Amino acid sequence: MHIRDIIKPHEPTFSFEFFPPKSSEAADTLFETIKQLSSRHPSFVSVTYGAGGSTRELTHDLVVRIKETTSTPPIPHLTCVDHTAEEITTTLERYASVGIGNILALRGDPPSDNGNYNRSNDAFPYAADLVRHIRQFNESGKHPDPRGFGIGVAAFPEGHPGTPNRLLEMDHLKAKVDEGADFICTQLFFDNHDFFDFRDRCRLAGISLPIIAGIMPITSAKGIKRMAELAAGAHFPAKLLRALKRAGDNQEAVQRVGIHHAAEQCAGLLNADVDGIHLYTLNQSRATQEVYASLGMG
Ligand code: FAD
């Protein structure tokens, strides 16, 4: 299903993000989580894409399995890292052949074990170049939907560390939009003001695409560390930090704080007519289920 048929005005989407586990046992456990969360009828789920060869095939396999065994549309992430144009085309052909409707097109993080990764090996230096390639693929008519793949792109309400100049960064986001993106999905953030300001700046820059807000409930002290890695420089509001400090080493209390904060964020976003909420699940269902429940959604 094309994203333009999924996102409707004033009907916010709810979506979940998963990463492909490395072992087949973990894949089965994840699939149970996916099935549990499918009962919430998410608008779509997305599956991340790693920098290494073998994990990439796992993304494909998980996406196809979700497509074949649930009623939820899966959206694979795809990155520029270490890919030729031909490899990207082959990946698009494989997804098109099984009816995958959308792709989240990203520049991608370099391999974690290669701090000196040389981007000149990538056929596409920036996500905008990948978006252009997908649009050209769409124009070639190789997708069963005449519109081709719906294309999502990333954005960073608090700014991307690679571009300290926020005006310039907005130009780079606009370039992705102009190349053919259909929707924007944001990096996680903990203060809705950052998102609202970003959304206003997008509208001022002439970007009118739906903007889906990325929310990650904190579920453990370890999870906070992982978040700091994922969203370097994320602004943790003092109110949240105070509550986490009170929770200390009490795992259950940390999780309650995290879920409460995420639920408050989601309620605030919904009240402000957000286009959608994308929950970073870390492959677990509890936080997502509880956020849903606190929003009065079962
Ligand atoms: P770009 O849009 O290419 O931007 C990257 C940086 O380059 C920015 O600082 C931008 O301002 C700058 N830039 C862009 N164009 C130009 C230009 N022409 N000249 C100079 N500078 C330019 N990573 C993964 O590896 N796998 C995933 O599955 C994954 N999923 C993600 C999902 C979401 C929702 C988000 C928000 C991020 C995800 N990431 C993932 C991380 C992402 O790939 C990195 O944060 C990456 O550094 C930025 O990706 P981008 O697509 O925004 O890149």
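Every number for a ligand or one of its atoms is a count from 1 in the order of the listing. This structure is a prediction, so every number in the text was calculated from the model and none was measured.
Residues Arg201 and Glu169 are not paired through a salt bridge, judged by the lack of any N-O separation under 4.0 Å between the basic side chain and the carboxylate. We find that Asp129 and Arg132 are joined by a salt bridge, their nearest charged nitrogen and carboxylate oxygen being less than 4.0 Å apart. A salt bridge between Arg166 and Asp197 is absent, with no side-chain N of the basic residue lying under 4.0 Å from a carboxylate O of the acidic one. With respect to the salt-bridge test (charged N to carboxylate O, under 4.0 angstrom), the residues Asp275 and Arg203 qualify.
Donor-acceptor pairing under 3.5 Å is recorded for the side chains of Arg56 and His83. Side-chain polar atoms of His41 and Ser71 form no donor-acceptor pair below 3.5 angstrom. Looking at His143 and Asp145, their side chains never bring a donor and an acceptor atom within 3.5 Å of each other.
For ligand 1, the atoms sitting less than 4.0 Å from at least one non-hydrogen atom of Thr79 are 24 (C), 25 (O), 26 (N), numbered in the order shown with element in parentheses. Of all atoms in ligand 1, listed by their number and element, those nearer than 4.0 Å to a heavy atom of Thr163 are 8 (C), 9 (O), 10 (C), 11 (O), 12 (C). Those atoms of ligand 1 that come under 4.0 Å of a heavy atom in Tyr280, given as number and element, are 33 (C), 34 (C). Close contacts of ligand 1 with Glu169, meaning ligand atoms under 4.0 Å from a residue heavy atom, involve 11 (O). Counting atoms of ligand 1 from 1 in the listed order, those under 4.0 Å from a heavy atom of Thr48 are 28 (O). Every atom of ligand 1 with a heavy atom of Ala154 under 4.0 Å away is listed here by number and element: 35 (C), 36 (C), 52 (O). Residue contact check: Gly108 has heavy atoms under 4.0 Å from atoms 23 (N), 24 (C), 25 (O), 43 (O) of ligand 1. Heavy-atom proximity to Gln187, at under 4.0 Å, picks out these atoms of ligand 1: 36 (C).
When only interatomic distances are considered, the shortest N/O to N/O separation between Cys185 and ligand 1 does not fall below 3.5 Å. Ligand 1 has a nitrogen or oxygen under 3.5 angstrom from a nitrogen or oxygen of Tyr49.
Between Phe198 and Phe195, the angle of the ring planes lies from 30° to 60°, which puts this pair in the tilted group.
Under 4.0 Å from ligand 1, the heavy atoms of Lys176 that appear belong solely to its side chain.
The closest approach between Phe124 and ligand 1 stays at or above 4.0 Å for every heavy atom of the residue. Put simply, part of Phe156 is less than 4.0 Å from ligand 1, judged by heavy atoms.
The salt bridge (charged side-chain N to carboxylate O under 4.0 Å, His left out) check on Arg135 picks up Glu139, Glu179, with sequence neighbours excluded.
In this structure, of Met170, His160, Glu17, Arg107, the residue bringing a heavy atom nearest to atom 8 (C) of ligand 1 is His160.
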